[in-house]
There are 2 protein chains.
Amino acid sequence: MTLYTEKALSILKNSGLRITKPRRLVIELLAKTSRSLSAYEIKEALDQDGHKVDTVSIYRIIDCLYENHLIHRVLTTGKVMKCKLENEHECELNQSDHCHHFLICQQCGSVEEVHCPGIDSVVSAMEEASGYRINRHYLEFSGICPQCNLV
Amino acid sequence: MTLYTEKALSILKNSGLRITKPRRLVIELLAKTSRSLSAYEIKEALDQDGHKVDTVSIYRIIDCLYENHLIHRVLTTGKVMKCKLENEHECELNQSDHCHHFLICQQCGSVEEVHCPGIDSVVSAMEEASGYRINRHYLEFSGICPQCNLV
DNA sequence: TTCACTGCAAACCTTTTGCAATTCT
DNA sequence: AGAATTGCAAAAGGTTTGCAGTGAA
């Protein structure tokens, strides 16, 4: 069982939510997938493993995971992605206002969640210059990942 | 006729496209709207002005305007927004790989297209650190605009 | 006049809702 | 046992396609 699976299940349990078979299946799929997935892609992947889960349930499970900060919604792709787990620190999964940035490979579709050095001061400067009270920002990079660059 | 309308129409014409009534109506609506709009919102707004334009046509017009770099797609809202026109410079509308950043007010929904100082070096640093060849980035800020802050 | 563009009908895909049946705890 | 969750059916949205008719150049 991966760290993600383990953590995710325990967070659900601690929130008084049930560990059902469909939920576990979706979590395990997310755990082993380094791309973002749509509801339908999740359904297809589970089907191919011989697990029939209704599309409606997928949507509800996605909502549940999102509310519990176990997945991100990637704007560029319109799909969802597991939250990154730091081995060292106590997991930041359950924090809401932490900011998340993504590197998305246009070729293989892999998504990497990254910390982006320097972005905070850019946001502050923008806040200052614009007069907006900025409470959230979305930053996503599209390109070609190192692996695909080799080919 | 606003600068946006004028420029947009001339760009269409120069591309060999026709200036039809529905296209002009959509362009004029975008010109006077400082929010992002969905296809359905565009249809509703036109209807209320007494102009019946089919939803299908709205979609096709949106595609056309997007291909000609006359509108942006705002990821946070999932809607479209007119491209900003600089009075001073020769218009940058028709450039494709120019990067665009948005300030979105969570209260009134207004969207402002901004240049973001400092972001280029952040992108370069990320490119360096990650090994990705980054060719595009998306940066959107959510918050409360100066006007809404006063209330 | 001609061809691009629109409108209409219908299909398609995605997401949501209500309710009865299931299954975790 | 009891309550949360799932599956099913159906509806509600959003978007696309094909084709005949319209209208801009």
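Just so it is clear: chains get the letters A, B, ... in the order the sequence lines come, proteins before strands, and each one is counted from 1.
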Query raised in the report: Nearest-Å distance, CG (A:D63) to C1' (C:dT14)?
Result: 13 Å

**Report entry** 5′-ward residue of the pair B:A39/B:K21 relative to DNA chain D
**Finding:** B:A39

Report summary line: Checking C:dT25, C:dG7, D:dG7 against the side chain of A:I19 (C-beta onward), the nearest is C:dT25

Report summary line: Note: for A:V56 and B:V56 on DNA chain C, the residue whose nearest nucleotide lies more 5' is B:V56

Report task. Provide, to the nearest angstrom, the distance between the CG atom belonging to A:L9 and the P atom belonging to C:dC24. Result -> 13 Å

Report summary line: Of C:dT6, D:dT15, D:dT6, the nucleotide closest to the side chain of B:I61 is C:dT6

Report summary line: Between CG of B:D54 and P of C:dG7 the distance, given in whole Å, is 6 Å

Requested in this report: Could you check which of C:dT25, C:dC5, D:dT17 has an atom nearest any side-chain atom of B:R60?
Outcome: D:dT17

Report task. Decide yes or no, distance alone: a donor-acceptor N/O pair under 3.5 angstrom between the base of C:dC5 and the side-chain of B:R23. Result -> no

**Report entry** Among B:H115, B:H72, B:H69, ring-ring contact (aromatic ring centres under 6.0 Å, His included) partner for B:H100
**Finding:** B:H72

**Report entry** Between D:dG13 (C1') and B:E41 (CD): distance, integer Å
**Finding:** 14 Å

Report task. To the nearest 0.5 Å, tell me how far B:L103 CG sits from A:H137 NE2. Result -> 12.5 Å

Query raised in the report: Within less than 4.0 Å of OP1 or OP2 of C:dC5, is there a side-chain N or O belonging to B:T20?
Result: no

Query raised in the report: Applying the 4.5 Å side-chain criterion to the ILVMFWY set and letting contacts propagate, would B:V80 and B:I104 be lumped into a single cluster?
Result: no

Query raised in the report: For the side chain of A:K82 and the backbone of A:L30, is there at least one donor-acceptor N/O pair under 3.5 Å apart?
Result: yes

Query - From C:dC24, C:dT16, D:dT6, nucleotide with atom closest to A:Y59 side chain - result: C:dT16

Report task. Please tell me which of B:K13 and B:S38 maps to the more 5' nucleotide of DNA chain D, matching each residue to the nucleotide holding its nearest heavy atom. Result -> B:S38

